[in-house]
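One structure is given here, and the rest of the page talks about it.
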Amino acid sequence: MIRTTLATSALALAVALPAQADEIWVTNEFDDTISVIDIETLEVTRTIPTGERPRGITFAKDHSVVYICASDSDAVQVMDPETGEILHDLPSGEDPEQFVLHPDNRHLYIANEDDAITTVVDTVSREVVAQIDVGIEPEGMAVSPDGTIAITTSETTNMAHWIDTETQELFANTLVDSRPRHAEFVKDGTELWVSSEIGGTITVFDVETQSEKAKIDFDLPNIHPDRVQPVGFEFTNGDEIAFVALGPSNHLAVVNAETYEVEDYILVGRRVWHMAFNADRSKLFTTNGLSGDVTVVDVASRTAEKTIKVGRFPWGAAFRPTN
Amino acid sequence: MKFRSLAVSLALLAAPAWAQDLTIGYLRLQETPPPTVSDLDLPPPDLGIAGARLGIEDNATTGRFTGQTYALDLVDIAPGEDIAAAAGPLLERTDLLLVDAPADALLSVTDLPAAADALVFNVAAPDNRLREGDCRANMLHALPSTAMRTDALAQFLVLRRWDELPMVTGGDPADQAFAASIEQSLRKFGLRVGDRKDWRYDTDIRRAATTEMPLFTQEFGRYDALIVADEIHDFARYMLYNTWEPRPIVGSEGLVPTGWHPVVEQWGARQLQNRFLEIAGRAMQPRDYAAWAAIRTLGEAATRTGSAEPEALRDYILGPDFELGGFLGRPLSFRAWNGQMRQPIPLVHPRGLVAQAPLEGFLHPVTELDTLGRDAPETQCTDFSE
């Protein structure tokens with residue numbers, strides 16, 4: 001239904017503009033490019049050069065610009081998504097790997113992987129607002145919906161670091177299992193989920209008390225637990241279901257976010273890493289690092305529908321509406 | 001309301017329940033490297049120690065948030081000095097120890113009465129016997145055994161179906177031990193060593209490699225790969241490309257199974273390599289990695305248990321909950337039957353990773369990592385059964 005609406009509006013626009021569908025943007029870590037996937041045709045329509053080793057990618061709230069962590073260029077690049085032109089670089093600290101845009105649409109919280117630092121950058125003044133010492137190899141980044149708390153997870157220190165965005169200082173540090181990779185606030189900011197790649201778990205925190213509320217384990221038949229390595233995850237509408245990328249086990253887990261139980265596993269590409277939904281969250285696009293492709297998953301039927309070849313080592317994914 | 005809970009956590013941060021200071025000893029008996037034809041690869045003076053320093057730094061970063069501090073107490077003695085005598089005062093200062101010394105010197109430390117309740121990490125001696133008959137309950141091994149390395153190579157040979165495998169062995173005891181371990185590993189995986197020759201030339205082979213090496217290897221006839229046991233890196237480097245048959249060389253040169261190597265870059269390893277390069281100004285070697293892993297093991301166990309007692313740490317490290325991210329794609333853990341750290345073994349050439357064992361298809365009822373090295377049912381180590 002929604003798809004027809006999109007198609008209709010695309011048709012309506014076709015008079016003035018070339019017909020354009022929504023897009024998924026994928027960073028290719030080893031190609032220094034972005035592959036742009038047309039959600040209607042499920043084909044790569046553009047390949048855009050970036051700085052070196054692009055990983056984290058996120059759009060401004062109004063989608064007027066896209067921010068890209070160019071890790072080896074030690075910069076966050078700001079790109080015009082229409083033209084693919086780099087508008088300017090933001091100071092990012094060394095080796096930016098992943099970041100999150102504060103709900104104020106102005107401040108980026110950036111994990112500097114090689115420096116054990118979280119850098120806060122003002123995207124308007126293009127200045128570094130704060131640098132916060134965190135654990136070794138920071139990676140996962142999240143900001144609470146009300147903007148008061150930012151989270152950095154550190155891969156080697158095995159912690160979630162809780163940052164008060166008012167003072168830009170740490171107010172709590174909580175241990176999680178080995179090598180945390182990704183963090184998300186869910187359920188209106190009452191829960192924080194953190195995936196641990198080597199530990200093979202997701203820890204759910206109660207945000208109010210910063211205490212552990214649940215731990216999610218994964219158990220794939222015929223795959224050794226060592227290979228089940230949760231990394232990126234995203235939620236369906238209403239935060240009811242989580243899709244969790246399980247890295248080198250080449251599967252997504254489908255987790256009931258109410259009961260914390262795993263309901264399904266879906267075979268996707270090799271070393272599945274991050275993912276992005278389309279507008280109504282009916283389709284999910286996963287980046288598969290080793291196979292160099294993106295798997296399209298139908299959310300309702302929980303099946304992989306198509307594989308799209310992108311560049312080498314696809315890492316991050318972001319949704320871009322065009323209407 | 002939120003900020004009230006913040007205040008509570010701040011208080012927790014200021015005075016953590018498990019505030020501790022951990023001093024970890026690093027006891028090194030320097031070795032005079034055996035004479036070799038070439039001095040191309042002299043061991044760096046801070047071999048091992050630099051890895052330990054990085055481990056302390058990594059632990060300290062975590063410790064900032066948990067209230068634990070870490071310090072390295074380095075005792076570095078010259079070749080030939082009495083390591084047991086040097087260990088005495090160190091054991092009075094700490095009961096957590098890394099020992100960087102050959103097997104017999106290592107055992108003279110673990111067997112000291114003062115070390116009975118200490119926890120000692122072997123970071124330098126690959127000898128299989130230390131994981132077998134000469135194992136000690138107070139000794140864990142962060143360096144892979146020779147058997148783990150030769151098993152990794154054997155798996156690769158099986159995978160490639162290379163089964164005609166002659167071997168050349170050097171005269172150093174390390175070469176002999178490596179050759180013996182190769183024999184066992186090949187047998188374990190259904191292969192066997194073909195014709196064997198000993199390398200005993202005392203001429204400067206650097207000038208004569210193109211004439212001598214083809215003749216030396218001609219007798220082997222047709223084969224798939226030539227195994228070289230040259231752990232002191234004396235002659236085999238001149239054998240590459242100079243064999244009679246145009247066939248690969250594996251073992252101590254050519255395709256090498258190793259605990260760690262600069263070409264390891266996946267699974268986040270690049271971050272570790274970069275951090276090491278920054279503090280040491282050189283590439284990380286297996287002994288550095290072992291020392292780093294040993295200290296990270298202690299740090300991880302101290303963080304999770306809130307203890308600094310050797311017994312509590314040892315129990316946790318050997319227990320089912322311990323795992324350490326080691327940048328090799330699989331969590332590191334320790335074998336409860338002999339104290340050996342489980343790790344994947346990279347198979348490398350100087351400019352790239354060829355494969356990483358355990359290789360696909362080598363199955364194990366518990367973990368495929370235990371296809372490398374001596375497994376529980378075959379262990380001769382009894383010190384761990386208590």
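Letters go in sequence order (proteins before strands), and every chain restarts at 1.
Atom CD of A/E97 is separated from atom CD of B/Q271 by 6.5 Å, given to the nearest 0.5 angstrom. Here the CG atom belonging to A/D226 is positioned 5.0 Å from the OG1 atom belonging to B/T367, to the nearest 0.5 angstrom. From A/I136, atom CD1 reaches atom CG of B/L54 across 7.5 Å, with rounding to the nearest 0.5 Å. Atom CE of A/M159 sits about 6.5 Å away from atom OG1 of B/T62, to the nearest 0.5 Å.
Enclosure of atom CD in A/E212 by more than 12 non-hydrogen atoms of other residues, nucleotides or ligands within 6.0 angstrom is indicated. The environment of CD in B/E265 is sparse: at most 12 heavy-atom neighbours from other residues, nucleotides or ligands sit within 6.0 Å. The local environment of CZ in B/R53 is sparse, with at most 12 non-hydrogen atoms from other residues, nucleotides or ligands closer than 6.0 Å. Enclosure of atom CG in A/D188 is not indicated, since only 12 or fewer non-hydrogen atoms of other residues, nucleotides or ligands lie within 6.0 angstrom. A 6.0 Å sphere centred on CD of B/E378 holds more than 12 heavy atoms belonging to other residues, nucleotides or ligands.
Taking non-hydrogen atoms and a 4.5 Å limit, the residue list of residues 318-346 of chain B in contact with chain A, ordered by number, reads B/E323, B/L324, B/G325, B/G326, B/F327, B/G329, B/R330, B/P331.
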**Request:** Could you check A/D95 against B/R270 for salt bridge (Lys or Arg N to Asp or Glu O under 4.0 Å), going step by step and ending with a plain yes or no?
**Result:** CA-CA 12 Å; A/D95 194 22; B/R270 210 174 95 173; 5.4 Å; no

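Under the 4.5 Å side-chain criterion, counting only non-hydrogen atoms from C-beta, B/R304 is in contact with A/D177. Looking only at side-chain heavy atoms (C-beta outward), B/R296 and A/T156 come within less than 4.5 Å of each other. At a threshold of 4.5 Å between non-hydrogen side-chain atoms, the residues B/E278 and A/D114 do not count as touching. The side-chain heavy atoms of B/R275 and A/E137, taken from C-beta on, include a pair separated by under 4.5 Å.
Between A/H224 and B/V366, the shortest heavy-atom contact is NE2-O, 2.9 Å. The shortest heavy-atom contact between B/F65 and A/L170 is CE2-CD1, 3.3 Å.
Here A/H161 is the residue among A/Q229, A/E155, A/H161 with the most heavy-atom pairs under 4.5 Å with chain B. Most heavy-atom pairs under 4.5 Å with chain A, from the set B/T61, B/N59, B/L272: that is B/T61.
Interface residue B/D58: backbone and side-chain heavy atoms are both found under 4.5 Å from chain A. Of the two parts of A/E197, neither the backbone nor the side chain holds a non-hydrogen atom closer than 4.5 Å to a non-hydrogen atom of chain B.
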